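The figures that follow rest on heavy atoms only: side chains count, while hydrogens, waters and symmetry mates do not. All values derive from a computational prediction rather than experimental measurement. We count ligands from 1, going down the list as the structure has it; atoms in each ligand are counted the same way. By convention here, the first residue in the shown sequence is residue 1.
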Amino acid sequence: MTMVVAAWQRSAFALVTVWTFTVQSFTQQSKTGYDYVDPLIGTVNGGHVFPGATLPFGMAKAGADVYSNERHGGFASDDTPVYGFSHMHDSGTGGSPSLGNFPIFPQAGCPNDNPEKCGYSKWERQARYINTSVVAKPGYFALMLASQIHAEMTVSNHTALYRFTFPEAPSAEDSTLAPHIYLELGDLPNTILKSNITVYENGRMTGSGVFLPSFGSSNYTSYFCADFHGAKLKNSSVYPVGPPGIEVSPSGGWVQFHPPPNRQLIARVGMSFINEEKACMNAEKEIPEYNFDQTYHVAEKVWRDKLSVISVDGEGVSDVLLKSFWSGVYRSMISPQDYTGENPKWDIGEPYYDSFYCIWDSFRSIHPFITLVDPHSQTLMVRSLLDIYKYEGKLPDCRMSHCKGFTQGGSNADIVIVDAYLKNLTAGIDWTLAYEALISDAEIEPPNWDIEGRGGLDFWKSIGYIPTANGDTLGMGNGTGTETRSISRTVEYAYDDFCIALIARELGHQDDYEKYLKRSGNWKSMFKADQRSEINGVDSGFVGFLQPRYSNGSWGYQDPIFCSPLQEFTGCYLNPSGRETYEGPIWLYTFFAPGDMSTLISTLGGVSSFIKRLDFFHDSGLLYMGDEQAFLNVFLYHYAGRPGLSSKRARSYIPAQFNDTLGGIPGNDDSGAMGSFVALTMMGIFPNAGQDVYFIIPPFFKEVSLWNAISGKTATIRNLNFDGGGEGKNIYIQSAKLDGKEYTKNWLQHRFFLEGGTLELTLGSEESEWGTRAEDLPPSLGPFGRDVGGGGGGAR
Ligand SMILES: *[C@@H]1O[C@H](CO)[C@@H](O)[C@H](O)[C@H]1NC(C)=O
Ligand SMILES: *[C@@H]1O[C@H](CO)[C@@H](O)[C@H](O)[C@H]1NC(C)=O
Ligand SMILES: *[C@@H]1O[C@H](CO)[C@@H](O)[C@H](O)[C@H]1NC(C)=O
Ligand SMILES: *[C@@H]1O[C@H](CO)[C@@H](O)[C@H](O)[C@H]1NC(C)=O
Ligand SMILES: *[C@@H]1O[C@H](CO)[C@@H](O)[C@H](O)[C@H]1NC(C)=O
Ligand SMILES: *[C@@H]1O[C@H](CO)[C@@H](O)[C@H](O)[C@H]1NC(C)=O
Ligand SMILES: *[C@@H]1O[C@H](CO)[C@@H](O)[C@H](O)[C@H]1NC(C)=O
Ligand SMILES: *[C@@H]1O[C@H](CO)[C@@H](O)[C@H](O)[C@H]1NC(C)=O
Ligand SMILES: *[C@@H]1O[C@H](CO)[C@@H](O)[C@H](O)[C@H]1NC(C)=O
């Protein structure tokens with residue numbers, strides 16, 4: 001059966017994947033973005049994705065927790081046994097496993113019908129699961145334990161809801177059905193410092209724990225309130241109970257029930273960071289009826305609505321790509337978490353988001369993506385960052401569980417804030433406060449710059465780079481922090497200052513504009529023009545790389561390939577024995593001057609030499625795509641007037657390294673970074689974060705539309721001569737029309753998405769002249785580009 005779809009209302013085309021003004025089959029239309037999402041992508045191979053049930057940016061994240069060294073998000077698809085189901089998680093993190101507080105675990109009965117014989121320690125209670133039984137959908141997660149207990153979970157904003165269906169007969173020896181649920185005072189990384197639990201007569205359990213954050217300093221307290229529904233309480237207790245007269249501090253509590261009439265038991269666990277009462281209130285308010293189906297139904301609807309701002313024409317596009325795309329979109333909207341009303345440290349009614357985990361990872365694609373698809377949430381996140389500045393004294397670079405997380409490089413919240421400003425996010429954002437926060441990062445070194453701000457600022461201002469082994473011991477700075485990464489910190493601080501210059505100009509602070517623009521060129525101070533790079537004893541042929549440099553001006557040495565996949569890949573982590581670059585080689589950081597690519601290109605010997613070097617970087621095995629600094633390198637060809645090569649590169653990585661398999665992302669998702677990379681790249685609009693610049697490549701779909709919630713307008717990018725998502729030959733733009741008018745720039749500005757319109761790209765199988773002239777390139781400071789910020793010109 002076929003039908004014509006010509007609807008232009010958002011609600012109509014939001015529901016259909018294939019919707020253009022053509023005749024399509026009915027079956028294709030019934031599948032929407034929601035149906036293509038596979039939350040299990042990235043649950044092995046280092047992705048560390050949380051695949052459980054969550055609402056968009058929800059605090060409650062219910063999932064299974066397994067015995068795996070990949071349990072950062074709770075679950076991993078590696079057949080390791082399950083030891084609990086817990087109610088909050090982070091997704092895709094490195095560091096140590098995160099959250100997973102107060103796991104509960106069901107057992108159908110206890111050996112000899114004696115509750116003391118049930119499994120309590122993680123080791124005793126763990127159970128295998130039937131791996132073909134795993135079902136993961138946005139808002140829902142389920143699996144069947146080998147003990148034949150079916151565990152399903154869904155959530156509201158602060159409450160996890162579980163439905164356990166028990167077998168007729170428990171697997172435990174000499175036992176009859178008497179569902180037993182143990183709640184452990186613990187978390188995924190085993191950090192509990194202090195705890196408290198109360199088991200009430202009616203079966204309610206409440207309590208709290210003090211835990212360590214997974215990649216930060218200090219500690220946090222969280223509270224739970226667990227209630228059960230569907231069966232009559234048989235017995236309950238804290239665990240363990242000491243011998244008479246001896247007090248033992250409990251490691252948890254349990255409840256046991258008479259056989260439920262339908263063999264199902266509902267567990268509702270409300271969470272809070274304020275107190276137990278708030279945890280109970282959250283649960284009672286959000287899920288008063290213990291209705292599992294209804295709760296899941298709401299969660300599903302929320303996700304369908306959330307995803308509906310994007311619509312793509314799936315014709316001719318493989319399921320691999322559709323699944324990769326929609327799953328990437330989905331993963332970009334699970335973090336940071338909305339903890340508004342759950343901030344124990346201060347609360348003046350501002351929004352509070354947590355798990356900015358970490359901004360070093362997320363500034364590049366996650367926040368620009370959220371700005372496009374959910375500007376309202378991004379606005380709240382920016383307000384939350386500013387509120388953190390107000391009460392903690394600095395913007396965070398990383399934050400989780402109400403604690404300050406570790407800074408990896410620059411003060412990159414600066415980029416997020418400037419990006420928001422340039423993209424017209426306004427509602428409730430105090431830009432005066434924002435500017436103050438940015439200047440604070442640029443000017444004032446905090447006492448501990450491992451957890452906020454920047455280190456070595458005296459040097460930054462006086463000699464124009466972060467000297468290698470500078471040592472606050474020299475008395476130049478007042479702060480302390482890990483004295484490594486002098487090269488990567490230098491190039492990141494430079495770009496942070498570039499972004500600050502952009503907003504200074506917009507806000508009319510001309511002196512600051514000039515000052516920070518000048519500092520934004522500091523990356524040049526560590527460029528050693530005669531440095532060469534050998535690989536296996538063979539000269540690569542490229543000359544000029546960043547190098548370590550001491551405060552007296554003399555050069556140090558770090559092999560340009562050190563910490564690439566070709567040499568000591570893991571040698572550059574965040575620890576005192578780390579080196580002068582962070583999580584990557586000098587090769588990588590030598591390409592990082594996003595504010596002034598034209599100067600970088602001439603510094604590296606001009607356009608053709610630059611392209612050769614960039615090609616070599618991609619082809620030689622030096623570039624690892626599983627870390628966020630890789631992303632921009634796919635699109636740098638745009639600055640050299642070769643936008644077609646960016647398109648080609650993008651297609652060489654998707655789906656080969658970003659796909660729909662369980663191990664389908666090449667590195668930690670880091671709260672959705674890999675997901676947003678896939679989503680933005682496949683839409684053909686990867687951003688240069690911190691600037692009003694989106695690189696245009698042909699979308700991986702015949703057509704993609706994006707509805708903007710602020711303006712209510714729709715922007716559409718349409719490929720003519722489209723011949724397939726990943727496999728097609730027509731991947732080069734021959735010409736473009738924006739709302740019917742010739743468009744030759746190889747980049748877009750945000751106003752296209754805000755004001756709506758149609759960009760029509762005519763494709764061909766060879767590179768063309770389109771987007772190649774100096775005036776077509778994205779803005780740069782240097783001679784081949786134009787003035788910063790793209791003044792004049794723009795998208796139309
Ligand atoms: C599921 O179990 C089978 C048999 O043990 C195994 O071959 C397969 O790799 C497992 N799959 C996953 C996703 O763990
Ligand atoms: C979750 O919280 C958000 C933000 O407060 C709210 O808009 C939304 O309606 C809530 N969702 C549900 C399902 O309650
Ligand atoms: C433990 O929780 C109970 C019930 O909320 C409370 O009365 C008690 O003060 C708490 N104890 C500690 C040490 O926090
Ligand atoms: C948690 O951190 C606070 C502030 O640093 C400290 O005072 C407190 O002792 C810590 N709590 C525990 C249980 O270690
Ligand atoms: C409840 O469990 C305890 C073991 O913790 C046991 O001693 C007691 O007899 C049980 N009570 C009932 C009514 O089963
Ligand atoms: C966005 O902000 C810029 C600069 O403030 C302004 O000129 C422009 O009109 C705004 N665009 C929209 C669509 O609001
Ligand atoms: C370091 O401390 C001294 C003395 O307290 C102060 O004068 C100076 O401004 C501080 N330097 C920085 C960079 O904060
Ligand atoms: C500069 O400092 C480095 C590191 O302290 C030292 O090894 C080098 O000899 C110094 N160079 C000069 C010219 O003083
Ligand atoms: C999918 O992506 C992973 C991670 O990058 C990669 O290892 C794997 O080879 C890819 N699989 C396919 C079938 O492309």
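Two rings, from H89 and F75, have their centers 6.0 Å or more apart.
Using cut-offs of 30° and 60° on the angle between ring planes, the pair F273 and H402 is perpendicular.
For atom 9 (O) of ligand 1, the closest non-hydrogen atom on the protein side is D79 OD2, 4.4 Å. The protein atom (non-hydrogen) at minimum distance from atom 5 (O) of ligand 4 is S218 OG, 3.7 Å. At the shortest separation from atom 10 (C) of ligand 1 among protein heavy atoms lies N131 ND2, 2.3 Å.
Proximity of a side-chain donor or acceptor of H87 to a complementary backbone N or O of F102 within less than 3.5 Å is detected. The closest donor-acceptor contact from the side chain of S272 to the backbone of I274 lies under 3.5 Å. At least one donor-acceptor pair closer than 3.5 Å links the side chain of Q126 to the backbone N or O of W123.
Looking at N659 next to ligand 9, an N or O pair under 3.5 Å apart turns up.
Those atoms of ligand 9 with a heavy atom of P655 less than 4.0 angstrom away are 14 (O). For ligand 9, the atoms sitting less than 4.0 Å from at least one non-hydrogen atom of G663 are 2 (O), 3 (C), 4 (C), numbered in the order shown with element in parentheses. In summary, the atoms of ligand 1 found under 4.0 Å from a heavy atom of L662, numbered by their order in the structure, are 13 (C). Ligand-side atoms of ligand 9 in range of Q657: 2 (O), 4 (C), 5 (O), range being under 4.0 angstrom from any heavy atom. Near T661, the atoms of ligand 9 lying under 4.0 angstrom from a non-hydrogen atom of the residue are 1 (C).
Among V210, N219, L193, L212, the residue whose heavy atom lies closest to atom 6 (C) of ligand 4 is N219.
Residue contacts with ligand 9 for N45 involve side-chain atoms from C-beta outward but no N, CA, C or O (heavy atoms, distance under 4.0 Å).
D65 and S86 form a side-chain donor-acceptor contact under 3.5 Å, judged by distance and modelled atom types alone.
A pairwise comparison of heavy atoms in S676 and S365 identifies OG-OG, 2.9 Å as the closest pair. In plain terms, the two heavy atoms of S332 and I366 that are nearest each other are O-CG2, 4.3 Å.
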